[in-house]
Amino acid sequence: MAFVSRGFLGRSGTHRGTGELPPGQYDVGDGFPVLSAGPTPRTATEDWDFTIDGEVAERARWTWQEFRSLPREDVVVDIHCVTKWSKFRTAWSGVSLDTLLAAVDTSAEYAVAVSDGGYTTNLPLEDLVDGRAWIVDRYEGEPLAAEHGGPARLLCPHLYFWKSAKWVRGLRLSSTDEPGFWETLGYHDYGDPWREQRYAGD
Amino acid sequence: MTTESRRLDGNAAAGRLADVFVFDATVVRTRCGTCGTSAPLGHYHVYADGPGMVVRCPTCEKMIMRLAQTPGHTWLDMGGAATLDIGE
Ligand SMILES: [Zn+2]
């Protein structure tokens, strides 16, 4: 993408590392805050798998080895946390959800990302396709640290960062929207930083 | 930095809980419904740097309570299976 206005970016959500600050956010600079709702899960890669299930004709599952052999993408994106920090030009590497979702046959419209440690977050399925979401296992050229969600996390940078579930182990697809961990506690169901959708009712 | 180093004790939840309860919640004997640990709520583990505040059992780390403040609202979820014994 060459250059598009912020208004267009806000609606389309295809913003990619152009260094603009959504309303109410500040630039955290070189820092990368760790926000925790519990102890850090530490799943060994030999015990890790990624599953897409729910309303699918047949569930799909990848072991770590299988996941690591899928076609990979490097992405540089800005990320925006609902606690108001933003971080520009973060560099990740992983597998596009277009690749993973191509393995299942579904008419579902919603997904719940399910993580080790019990965390969940809900997203419309259309926000996970067309090159807008990845399962990433590397950050800045290194294996993703457990504190930042390793072995692998969801990366869906056009929504507030709580949607980019750490320690992700799968997607559960459904025809109905099922609010996740923060979405059931007063946070916005969709969470578009460009429309400042922080809280329920925003 | 480890997340364990970010962990606080239950007294950190006192301010928020004071908005909700008329009693001092941190001294309330709280029994974890998962492992049976019984301790004052002030001894429970609190993770307070996320969007909201999560209170976990000091023994098994199961979540017993979640709190969030959004403009004009305090959200309290006590669905984490715990019993609070509130003395008079
Ligand atoms: Zn317990």
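- Between A:Y187 and B:P51, the closest heavy-atom pair is OH-O, 2.8 Å.
- Around the CD atom of A:E140, the shell of radius 6.0 Å holds more than 12 heavy atoms that belong to other residues, nucleotides or ligands.
- Remark: A:L185 CG to B:L67 CG distance equals 7.5 Å, nearest 0.5 Å.
- Contacts of A:F181 with chain B are made by both backbone and side-chain atoms, with heavy-atom separations under 4.5 Å.
- Of all the heavy atoms in B:W75 and A:A200, the pair that sits closest is CZ2-CB, 4.5 Å.
- Both the backbone and the side chain of B:R66 have a heavy atom closer than 4.5 Å to some heavy atom of chain A.
- The number of heavy atoms from other shown groups lying within 6.0 Å of CD (A:E66) is above 12.
- With hydrogens and angles ignored, the 3.5 Å screen pairs no side-chain donor or acceptor of A:Y199 with any backbone N or O of B:P71.
- When the candidates B:V55, B:V46, B:D49 are compared by the number of heavy-atom contacts under 4.5 Å with chain A, B:D49 comes out ahead.
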